[in-house]
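Here's the structure, in structure tokens; my notes come after.
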Amino acid sequence: MPTVKRYAVGDQIYHADYGEGMVVGVKPRSFFDILEVAFADRVRRLNSNHPRVGQKPVPPQPEKKDAAEPVVEEPQRQETRVLQIDRESVDFFRKMRIADADHPERFLLHLAAEKLAMTRGFESLLSLNSVRDLERYDFQIRAVLRVLRKMRGRALLADEVGLGKTIEAGLILKEYVLRGLVQRALVLAPVSLLTQWREELTHKFNLPFVVRARGEGWGSHPFLIASLDTAKTERNREEIGKQEFDILIVDEAHRLRNHLTQGWKFVDALSLKYLLLLTATPVQNDLRELYNLVTLLKPGSLGTYRAFRKRFMVRGDKRLPKNTRDLSNLLSSVMIRTTRSSTALKFPRREVRNEMFDLSGEERRLYDGISTFVHDIVQESEPEEYGRWHFLLLVLQKEMGSSHYAAQKTLERCLRVFGRGPRTRQLQRLVEMALAVRTSHKFEGLWDLVSEREGEEKVIVFTQFRRTLEYLERNLRQAGEDPAIFHGSLTAKEKDRAIHQFRKGKRILISTEAGGEGRNLQFCRTVVNYDLPWNPMRIEQRIGRVHRLGQMRDTRIYNFTARDTVEDYVLSILHRKINMFELVIGEMDMILGQWSEKESFEQKIFQIWASHGNKAERDEAFENLGEDMLLARKRYEKIQDYDSTIFETVETDGGPGEE
């Protein structure tokens, strides 16, 4: 139970909560830390939720106690946030009450508070004691302290890919929440990363973030995650502005590089105390983009664009900086960029093996039958009918690439829902085909792999679908194995128990995509992608559970696919064309952004497969998509090289750069 102590100040009673909590602080602290943001320079507004001097606080509701504990009756009171305060600060309050409002002493005390708030800073991080499953790296902690102490919570986090910008942002956010300086927070990220952000912030930082649902109000949750594309629309940006979020975190912030876009104007118009912009490539075309990002964080710090261009850009070439020492000094107040070489971190090697299988005769007939079924509906349906079928067809085609058992259950459901329509006979035939499948060469390959790894060698088997998980669990148990099971329907305690069992005893974990989000599983180094998601970010999230900072051994990735399937084409593009499995975690999303910021790779895959019944046409369409992705990777590499060239010259680690 948390301990609540009372301090009397005149006829007022103040409560200090020393217990742990998700939103309330975890230890007593000085009043000046609470006031810090109020007197900091360059802050756009004062949080109306902060306790104010002279304002009578309403005591908090007592927590429920066990029956065995004595209950102290207290008068009815309204619910409020707890103001944490120490005895030294109480004495400060007493002095303030002595002076009349118009007394000169009140002004001097106010001036003293401002001076202390500006100089005291964040002496230590409360957040480090309130996180879990988090490796502590000195460069990340230094970055967090620098943002809190020197940048006043407005910073461009531009670490190279794979160094944990998300972790740094999470620690900064958690610190502000624990200190009572943030009550409402908004995270904007690409659609493909929304769930990953939620899992990271919920699991590691114990912050109750939710992903905004379509049609849901922007004020429905104090901790909200949404996509930038959704937030910047005319319909939403005005409502977001009314919510008065204390902090905004923007992932992939290079999408705000153009000051003429809706996204940049939307962020610039918000009234925010704190703003964190995350991107590994702040500059993609010219230095104007860097100027635009810094302007969002610290307006006027780089002067007018005309003055900036004259002082820091080589005439005739907007890509090259000059006066780099001065530019470095200016950027050091708002930007942090950590390179891999500066951390001396060693990342393990990644060994990738693509295991290709031939479908059994029954499986091949079922797969081809489902593909024909999907193609027929896409080509023959009226728009209204296709709208009813689209999502189901997408899932069905994916499930067939996962396991016949998963597809069978969906076909049976289709027959119940659409059993009286024109597709009835076709569906009945497909259900019969699914029931006729007796063998799976892919499962046999999985059994051979896990059988070879005896002793303590652990294996994670990922699948997209719960039914495939059930199929694998049943067959592995029949073969004598006892796997741990992890999926999204488990409670938080059940999930923790499954990971504990896998860590301590069981050598096989079967997991749906839920295991690819937020959990650190570096104690294992072998991942089996039993099925291959069409979304490359899903694949990356799976691999990222084991191949990440903290992994001490080389990792092994096994990709299971069947010949002449959608997954075969996907693997060909991702592996043979752009060498995805050689990329650092985080780079794939950068490449997808270069390919298209609006079109979904997953939907493109389905559109090609469902629209081309002829194999030659499919081959050509997928080959063209592969070439487009290859060009996107080359564009990303050019941008990466450009940023490296700039920031090798302009050092932003707090010291001057080299001219």
Side-chain angles (χ1 to χ4, degrees), residues 350-364 366-368 370-371 395-408 437-453 457-476 479 481 483 485-487 507-513 515-516 521 524-547 555-576 579-582 602 605 609:
R350 187 188 297 174
E351 179 184 338
V352 179
R353 298 182 183 179
N354 298 316
E355 303 290 343
M356 193 69 67
F357 300 94
D358 289 313
L359 295 174
S360 65
E362 297 90 349
E363 286 179 313
R364 173 50 66 187
L366 177 61
Y367 194 98
D368 292 344
I370 287 177
S371 296
V395 171
L396 182 61
Q397 191 70 68
K398 287 182 181 179
E399 285 179 328
M400 190 57 230
S402 178
S403 71
H404 70 276
Y405 181 76
Q408 172 194 324
V437 177
R438 293 289 182 267
T439 60
S440 171
H441 293 166
K442 194 160 68 166
F443 176 78
E444 292 171 357
L446 175 64
W447 175 245
D448 290 341
L449 188 149
V450 298
S451 299
E452 294 172 358
R453 279 157 178 73
E457 186 69 30
K458 297 183 181 294
V459 179
I460 303 175
V461 182
F462 277 115
T463 176
Q464 300 174 77
F465 301 103
R466 177 78 178 275
R467 293 189 182 103
T468 298
L469 180 147
E470 295 169 354
Y471 169 77
L472 295 176
E473 179 186 10
R474 182 179 69 244
N475 283 274
L476 285 173
E481 288 291 340
I485 304 300
F486 192 103
H487 54 77
R507 69 188 192 96
I508 301 175
L509 173 70
I510 310 175
S511 175
T512 59
E513 303 293 352
L521 303 171
C524 174
R525 64 168 177 168
T526 303
V527 170
V528 176
N529 290 313
Y530 190 79
D531 49 36
L532 205 66
W534 300 354
N535 182 347
M537 297 308 299
R538 291 291 187 184
I539 304 173
E540 187 174 87
Q541 288 169 19
R542 292 177 176 183
I543 297 172
R545 294 309 99 206
V546 299
H547 190 266
T555 57
R556 300 166 181 167
I557 313 298
Y558 294 85
N559 298 313
F560 281 25
T561 53
R563 289 183 177 85
D564 298 323
T565 61
V566 179
E567 294 71 28
D568 190 6
Y569 284 106
V570 171
L571 185 62
S572 177
I573 293 172
L574 298 182
H575 180 64
R576 301 184 186 96
N579 297 319
M580 170 188 168
F581 299 101
E582 297 177 5
E602 180 177 294
I605 292 291
W609 181 263

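The chain is numbered in sequence order, starting from 1.
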Shortest non-hydrogen contact from Glu481 to Ile508? OE1-CD1, 3.7 Å
Residue pair Thr555 / Val527, side-chain heavy-atom distance below 4.5 Å: no
Rounded to the nearest 0.5 angstrom, the CG-CG distance for Leu359 and Leu366 is 9.0 Å
CG/Leu449 to OG1/Thr526 distance, rounded to the nearest 0.5 angstrom? 7.5 Å
Please work out whether the ring planes of Tyr471 and Phe443 are parallel, tilted or perpendicular, with thresholds of 30° and 60°. perpendicular
Interatomic spacing from CD1 in Ile510 to CZ in Phe462 - rounded to 0.5 Å: 12.0 Å
Decide yes or no for Glu513 and Arg542: does some side-chain heavy atom of the first lie under 4.5 Å from some side-chain heavy atom of the second? yes
Measure the spacing between OG1 of Thr561 and OH of Tyr569 and express it to the nearest 0.5 Å. 13.0 Å
Tell me, with the steps shown, if Arg556 and Arg525 meet side chain to side chain contact (heavy atoms under 4.5 Å, CB included). CA-CA 6 Å; Arg556 300 166 181 167; Arg525 64 168 177 168; 3.2 Å; yes
One pair to check against side chain to side chain contact (heavy atoms under 4.5 Å, CB included): Arg350 and Ile543. What are the steps and the verdict? CA-CA 10 Å; Arg350 187 188 297 174; Ile543 297 172; 3.9 Å; yes
Do the side chains of Leu472 and Leu469 get nearer than 4.5 Å, heavy atoms only? no
Is there side-chain contact between Met580 and Glu540, with at least one heavy-atom pair below 4.5 Å? yes
Are Met356 and Phe560 packed together at the side-chain level, in the sense that at least one heavy-atom pair is separated by less than 4.5 angstrom? no
Where Asp564 and Tyr367 come nearest, the two heavy atoms and their spacing: O-CE2, 4.2 Å
Kindly indicate whether the side chain of Leu532, heavy atoms from C-beta on, has any atom under 4.5 Å from the side chain of Leu574. no
With rounding to the nearest 0.5 Å, note down the distance linking CG in Asn529 to CG in Asn559. 5.0 Å
Scan side-chain atoms only and decide if Asp531 and Thr463 contain a donor-acceptor pair under the 3.5 Å cut-off. yes
Positive for side-chain hydrogen bond (donor to acceptor under 3.5 Å, both in side chains) with Trp534, one of Gln464, Glu567, Glu602: Glu567
Of all the heavy-atom pairs spanning Asp358 and His441, show the shortest one and how long it is. O-ND1, 2.7 Å
Ignoring hydrogens, what is the shortest heavy-atom contact between Thr468 and Ser403? Give both atom names and the distance. OG1-OG, 2.9 Å
Separation of Glu363 CD from Ser440 OG (nearest 0.5 Å): 4.5 Å
Minimum heavy-atom distance between Lys442 and Tyr530, given as atom pair plus value: NZ-O, 3.0 Å
Looking only at heavy atoms, the pair that brings Ala407 and Leu396 closest together is O-CD1, 3.9 Å
Before giving the answer on side chain to side chain contact (heavy atoms under 4.5 Å, CB included), spell out for Val528 and Val450 the whole-Å C-alpha distance, their side-chain angles and the decisive distance to 0.1 Å. CA-CA 10 Å; Val528 176; Val450 298; 6.0 Å; no
Cation-pi, Tyr405 ring and Arg474 (6.0 angstrom, 45 degrees): yes
Does any part of the side chain of Ile460, heavy atoms only, come nearer than 4.5 Å to the side chain of Phe486, both counted from C-beta? no
Side-chain heavy atoms of Tyr558 within contact of Val459, under 4.5 Å: no
Applying side chain to side chain contact (heavy atoms under 4.5 Å, CB included) to Lys398 and Phe465, what does each step give before you reach the verdict? CA-CA 9 Å; Lys398 287 182 181 179; Phe465 301 103; 3.6 Å; yes
